[in-house]
Amino acid sequence: MSTRPLLEVRALTTVLDRPGGAVPVINSVSFDVGRGERVAIVGESGSGKSTTALSMIGLLPRGLRHQAGQVLLDGLDITELRGEQMQAVRGRRVGVVFQDPLHSLDPVVTIGVQIAAVARKHEPQLRRREVQERVVELLSDVGFASPAEFMGRYPHQLSGGMRQRAMIAASLAGRPELLIADEPTSALDVTVQAQIIDLLERLSEGRGLAVVLITHDLGLVAGFAHRTVVMYGGTVVEVGATAELFRRPLHPYTEGLLACAPRIDGPLDELLVAIPGNPPTVASLPAGCTFAPRCPKVHDRCSAQRPELQSWQGAAVACHLVEKGVRS
């Protein structure tokens, strides 16, 4: 059995074309996802999480383009694929769950027909009855108590949680090896959020499915992800095992994110500590470390030189505080 990661993102760079020249939006992003592994990508809005995912699967909006780097899926660089070749990867090998299922699902087509269309596209040899059985099975797997009944319903006839479950079912119809879930709980209440995360975990374990979860909610990550990738300003600033990252963050930005998150076991009157300032825009990225203008531990070198992601005690961090294996 190959020990190679299922997904290898290597120095992925995506740019925005502007009159004055191309501006990096995603700058040399690198991380791996093993087979069956659950990896979370976290960071504030505008940190580049969703754009990274869209760049990986070739769904960038107009004005953005892939400039450099590789996205290796089982050794195949999918950034070089075009047209039908890329369509064969999306859905068949990589499933995607988008942020808002109400806009991702076709409002005038029943969910059963939409899920069936994905199954037929990637397995055209399936007979009609087999497709119907697949749809019922998928809806049952994602938590529909009466899947045969819900097959005939339209998206507007479902609750937000049900629509998201239907979207997950559609993303699994092609039997992918990797599922990218981009803020799958952002429009849901807390109880339903927990149900969707539990569902993704159960599907991952039951199917051996690798999952990339993109979220700004660290509370969802703690019990779900094996490893966490922290992004800021279009770059990766820290990667590590989730439990260790939560226990001992290495980057000041990660420390700030965790300080902002409320704790169940904390005192009721505990004040949350906000990260001062605002995230940088594409047009205002500093010359040195992207976090330097907001960092409480900034020093002269931070403003002059951008740190590179380097290994440190089983993790990786892009910070000048980590020098020669010693964190000051």
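One-based numbering along the sequence shown.
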Verdict with reasoning, V29 to T235, per side chain to side chain contact (heavy atoms under 4.5 Å, CB included): CA-CA 6 Å; V29 166; T235 65; 5.6 Å; no
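- Under the 3.5 Å distance criterion, with hydrogens and angles disregarded, a donor-acceptor pair is assigned to the side chains of D77 and T79.
- For the pair S50 and I214, the minimum side-chain heavy-atom distance is below 4.5 Å.
- For the pair Q114/L105, a side-chain contact is recorded, criterion being any heavy-atom separation below 4.5 Å from C-beta on.
- In this structure, V39 and H226 have side chains that are not in contact, with every pair of non-hydrogen atoms separated by 4.5 Å or more.
- Checked by atom type and distance alone, the side chain of H251 pairs as donor or acceptor with a backbone atom of A318 at under 3.5 Å.
- A donor and an acceptor atom, one from each side chain of S284 and T281, are located under 3.5 Å apart.
- The minimum heavy-atom distance between P249 and T254, with the atom names listed, is CB-CG2, 3.7 Å.
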Can L245 and V230 be said to form a side chain to side chain contact (heavy atoms under 4.5 Å, CB included), step by step? CA-CA 10 Å; L245 183 142; V230 183; 4.0 Å; yes
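- R38 places no side-chain N or O within 3.5 Å of a backbone atom of S204 that could act as its donor or acceptor partner.
- Across all their heavy atoms, C319 and P252 have their closest contact at SG-CD, 3.8 Å.
- With rounding to the nearest 0.5 Å, the separation of CD in E238 from OH in Y232 is 15.0 Å.
- Under the 4.5 Å side-chain criterion, counting only non-hydrogen atoms from C-beta, L188 is in contact with I196.
- Atom CG of residue D300 and atom NE2 of residue H320 lie 11.0 Å apart, to the nearest 0.5 angstrom.
- The distance from the CG atom of L213 to the CG atom of D182 is 9.0 Å, given to the nearest 0.5 Å.
- In this structure, the side chain of E130 engages the main chain of R127 through a donor-acceptor pair within 3.5 Å.
- Remark: the backbone N or O of L6 is not paired with any side-chain donor or acceptor of R35 at under 3.5 angstrom.
- Both tests hold for R153 against F150: distance to the six-membered ring centre under 6.0 Å, angle to the ring axis within 45°.
- Judged by distance alone, the side chain of R163 and the main-chain N or O of L158 form a donor-acceptor pair under 3.5 Å.
- Here E123 pairs with R134 in a salt bridge; the nearest charged N to carboxylate O distance falls below 4.0 Å.
- Annotation for D17 and A22: closest pair OD1-CB, 3.8 Å, computed over non-hydrogen atoms.
- We find the CD1-SG distance between I275 and C260 to be 4.5 Å, quoted to the nearest 0.5 Å.
- Atoms OG1 and CG, on T51 and L59 in that order, are 12.0 Å from each other to the nearest 0.5 Å.
- For the pair M231 and T52, the minimum side-chain heavy-atom distance is below 4.5 Å.
- Checking side-chain atoms of E37 against main-chain N and O of G34 turns up a donor-acceptor pair under 3.5 Å.
- Looking only at distances, no side-chain donor or acceptor of R93 sits under 3.5 Å from a matching main-chain atom of A88.
- D106 contributes atom CG, which lies 10.0 Å from atom OH of Y154 (distance to the nearest 0.5 angstrom).
- A salt bridge links R247 to E244: one of the charged nitrogens lies within less than 4.0 Å of a carboxylate oxygen.
- Between the side chains of S28 and T13, not a single donor N or O lies within less than 3.5 Å of an accepting N or O.
- Of the residues listed (V142, V97, L179), the one engaging L200 in a side chain to side chain contact (heavy atoms under 4.5 Å, CB included) is L179, and it is the only one.
- L12 is listed as a side-chain neighbour of H66, based on a closest heavy-atom distance under 4.5 Å.
- Looking only at side-chain heavy atoms (C-beta outward), R65 and T14 stay at 4.5 Å or farther from each other.
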Given H216 and E183, is the side chain to side chain contact (heavy atoms under 4.5 Å, CB included) satisfied, shown in steps? CA-CA 8 Å; H216 63 275; E183 297 277 10; 3.2 Å; yes
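- Within a 6.0 Å sphere centred on NE2 of H299, heavy atoms belonging to other residues, nucleotides or ligands number more than 12.
- Taking a cutoff of 4.0 Å between a charged side-chain nitrogen and a carboxylate oxygen, D141 and R202 do not qualify as a salt bridge.
- No donor-acceptor distance shorter than 3.5 angstrom exists from the side chain of Q99 to the backbone of S186, with no hydrogens or angles considered.
- Partner of F224 under the side chain to side chain contact (heavy atoms under 4.5 Å, CB included) criterion, chosen from T242, V211, T215: V211.
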Start with the C-alpha gap between V94 and L73, add the side-chain angles, then the distance that decides, and say whether side chain to side chain contact (heavy atoms under 4.5 Å, CB included) holds. CA-CA 9 Å; V94 181; L73 182 64; 3.8 Å; yes
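- When all heavy atoms of R92 and G174 are compared, the pair lying nearest together is NH1-O, 2.7 Å.
- At least one side-chain heavy atom of L139 sits less than 4.5 Å from a side-chain heavy atom of M151.
- K49 places a side-chain N or O within 3.5 Å of a backbone atom of E44 that can act as its donor or acceptor partner.
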